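Accompanying notes for the structure given below.
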Amino acid sequence: MAERYAPCEIEAKWQRLWAEERVAEVDTAVPGNEFYMLNMYPYPSGSRLHVGHGRNYILGDALYRRERMAGRRALNPMGWDAFGLPAENAAIQSGVPPREYTLGNIARMKEQLIALGCLYDWSKELALCDPAYYRWNQWLFLRMWERGLAYRKTAPVNWCPGCRTVLANEQVVDGRCERSGDAVAIRDLTQWFFRVTDYAERLLEGLDRLPQWSERVKTMQRNWIGRSEGAEILFSVEGLAEPVTVFTTRPDTLYGATFLALAPEHAIVALLAKGSGRAEAIGDFVNRVRHESRLEREAEGGEKEGLATGAFAVNPATAEKIPIWLANFVLPEYGTGAIMGVPAHDQRDFEFARKYGLPIRPVFRTAKGEIDPGAMTQALPHDGFLCHSGSWDGTPNGPQAVRVAIQWLEQRGVGRGKVGYRLRDWLISRQRYWGTPIPAIHCPSCGVVPVPDADLPVLLPEDVEFRGVEGNPLEKSEAFVNARCPRCGGAARRETDTMDTFVDSSWYYLRFLNPHDAARMVDPERVRRWMPVGQYIGGIEHAILHLLYARFICRVLKDLGLVHLEEPFERLFNQGMITRLNAATGKIEKMSKSRGNTVSPDELIARYGADTVRLYTLFIGPPEKESEWSEDGVAGAYRFLNRVHDLCFRVGERGGDARPGDAPRDTPLSRLMHRSVERVSDDARRFHFHTAIAALMEFQRGIADALEEGSESPATVREATKALLQLLHPIAPHLTEEWWRRFGEKGFLVESSWPAYDPDLATPLGVTLVVQVNGKVRGKLEVARG
RNA sequence: GCCGGAGUGGCGAAAUUGGUAGACGCACGGGACUUAAAAUCCCGAGGGCCACAAGGCCCGUGCCGGUUCGAGUCCGGCCUCCGGCACCA
């Protein structure tokens, strides 16, 4: 009579034993070559605390176990990225203070992770909302400020007049506040930035040294940085002392520039309006464009809107007066916020010129000759040879033409070659309570003054109220806001902006090495031993922002002499998201708390056990792909574990006590074993646990059949069964530990060595030869290898 | 709109390098065991056509086209869905 598989008892027992005997403890002082950790950052949901899908954690844990079994050093710490909007919104909605809400979520999720059998080294646990952690955000900020890498400038924000607060883009729906429904206004605020653009070139170059990152992510990052070579050209403006600077990638088309277009936000607009006699029309236009929400303005390839300022600039090449326009499609953040309009050769400029009756002048002559501008229906390609371009005439299109133009500009002092980037500086200010306070003090006489290191951390006050209608609660805390100027000692006002949570998550991986070090941010010696992170796992939604910021901060730390490396993550794996139908929107969306479509693992664990949940989660499909959550296959996963349990029981009953080496080497079952070890090892290496599981299912069936038929020696069956347990262990750790011990092994299975295989025995004896005629299968032959 | 990715049976999927499309599961159908049911085990199955049968033929990896002896895989053009977003001059 077979024994029943009782997952709850087995799992509770092993979770207790692992904790008591401290399996996961790894001394960071010991050099190692692998370092596993988990990305805890499902932006933009903002919540770093829920167990939404669990696959991230199970994937990470399975890899960690595989590495341990392979005898390689691995560290599996857990960090909680616990600042963010959801905690603050929860406070507003329910009255629970953000800290309480956050710590409660951490405690609950920790329980869930332990219940899933994840082996974290809890001695290295971090919470990023802990002052012991965020004080180092502040310390880093001060070092960056000293070096000019942190600075202030104005930037527009979404302002909700009803809530008297700044809204995240996510909170603006159709130009209205998602909570109050008020129309959202654009306001200019002076805010803090990190000068990530100074690192654009280094961030771009570094991608070439990351062979173990997917091309997919590297391409996205390259496009995001958006390097483009071109030139800045100075256009003098009638009646003004200062010229307008324009960035263009095609300085060679300068002779075809028939107008200038400025972003309505451009600093010079106010000056132009003053002398123009149409200040009112200009003011209206600027206002209108600025109140188009950013999304509207940037979306839908929208309608080109423009207004002539009445002012004129001089084209430095032709010496002609050309009109200065304002245009909604020129963005203040890119380049210089001003462009030269070359309608003959740029589609957007062409549409704009047609709409407003501006001249179109081709400056390239193609094989077909010149084209009548009036007959054009779209912009011409840059093709052929320059014409109508003075001394540049006859230069062929391409880098040469650009060089000729730049040389000409530089000789006359009206422009220069320039590399432009699409990347913009990182706005880190948030007008919110639940984040790292920015360590600055506004003094009426000394200006903006840094908080001295000795006064860190600047603590978030706890005695604040959340009602969601008075703006940032920090501003209401007298005890927080009222400060002494560190320089003159006079009464001053503390900065109330807090930091973007991406600052926290940009360096936490380093902190796992010295989580309780009160004296310094990072420990360079341990960094030298452990870094870079051997394997980083995170959702594909972080392909750009988080990973770029983390690479940026790592470079800053290197420049500060704190770390020796520029690239923190040697190998990157981006798992796809688990999606699920959102009942509220009727759409299939990524599972996230802010979208309210998460699934808790508790119920499934209670019904089938953690091993089944892990097995099923990994069996869904390839982890790099997104997949839609469904529980249809859970029962099948459970059945498989039952079969394994049953097999082990029967082998234990009849298997004898064969010793290693007793088993004959070359039998069908031993060949299957070697083949299975090979398949599972290869699949696990490339994160394809789902096909590894398929191989394990075939392996289990093979052993069971051999046992049933009595075709193999007890020693071979027992050896194969133990190999099955080892291969299955990263996926279903509890059941496999249980049988490993029952088969008389001492110590933990997770500490055993990963089975090796003999390539000769892993190769099938026979091969199928397929006969194809014209690509169609016409026959098959079974033949012996060789 | 821009950048990146995906689309294969009723469903999740496999095919790592251009060479047997659908492994392994779910759901389903049939059978064994049982007084019965559950559980378990065994068998079946992409679609269509021909055949009493063994078996044979055709079609089939989102759509249209191309390269190749041969395409799920490579190339060009579309459609739909997902992620990111800042009209990139």
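Here is how names work: the chains are called A, B, and so on, in the same order as the sequence lines, proteins then strands, and each is numbered from 1. For clarity, every value in this text was computed on a predicted model and none was experimentally measured.
- Both A:Ala338 and A:Met220 sit near RNA chain B, but only A:Met220 has its closest nucleotide nearer the 5' end.
- Of the candidates B:C24, B:C3, B:U16, the closest approach to any side-chain atom of A:Phe619 belongs to B:C24.
- A 3.5 Å limit on both hydrogen-bonding distances identifies no Watson-Crick or G-U partner for B:U67.
- Side-chain contact between A:Pro343 and A:Thr258 is present, with heavy atoms from C-beta onward closer than 4.5 Å.
- Checking the phosphate oxygens (OP1, OP2) of B:C3, no side-chain nitrogen or oxygen of A:Arg422 falls inside 4.0 Å.
- Candidate nucleotides B:G12, B:G25, B:U40 were compared by shortest atom distance to the side chain of A:Met697, and B:G25 ranks first.
- Rounded to a whole angstrom, the distance from the P atom of B:G31 to that of B:G83 is 46 Å.
- Panel note: side chain A:Ser214, backbone A:Val217; a donor-acceptor pair is recorded below 3.5 Å.
- Distance check on atom P: B:A6 versus B:G18 gives 15 Å, rounded to whole Å.
- If you check the side chains of A:Asp188 and A:Thr154, you find no donor sitting under 3.5 Å from an acceptor.
- A:Arg216 places its CZ atom 4 Å from the C1' atom of B:G5, with the value rounded to the nearest Å.
- Going from the C1' atom of B:U40 to that of B:C33 covers 9 Å, rounded to whole Å.
- The side chain of A:Thr219 approaches B:G4 more closely than any other nucleotide in the set B:G4, B:C88, B:G7.
- Looking at the side chain of A:Arg643, the nearest of the listed nucleotides B:A15, B:C41, B:A27 is B:C41.
- Using C1' as the reference atom, B:U67 and B:A71 are 10 Å apart when rounded to the nearest Å.
- Annotated as syn: B:G9, whose O4'-C1'-N torsion sits within 90° of 0.
- The phosphate of B:G4 (OP1 or OP2) has a side-chain N or O of A:Asn223 nearer than 4.0 angstrom.
- For the C1' atom pair drawn from B:G7 and B:G22, the interatomic distance equals 16 Å after rounding to whole Å.
- Using atom C1' as the reference point in both B:A23 and B:U8, the two lie 14 Å apart (nearest Å).
- Of the listed nucleotides (B:A15, B:C24, B:C88), B:A15 has the atom at the smallest distance from the side chain of A:Thr691.
- Comparing B:G4 with B:U61, their P atoms sit 27 Å apart, to the nearest whole Å.
- If you check B:C41 for Watson-Crick or wobble pairing at under 3.5 angstrom, you find it paired to B:G31.
- What separates OH of A:Tyr616 from C1' of B:C11 is a distance of 10 Å, to the nearest Å.
- Judged by the 6.0 Å and 45° rule, A:Lys418 forms no cation-pi pair with A:Phe247.
- The same atom, C1', is picked in B:A14 and in B:U73; the two are 14 Å apart, to the nearest Å.
- Within 4.0 Å (heavy atoms only), A:Tyr421 reaches no atom of the nucleic acid at all.
- For the side chain to side chain contact (heavy atoms under 4.5 Å, CB included) with A:Arg187, the lone residue among A:Asn158, A:Val166, A:Val157 that qualifies is A:Val157.
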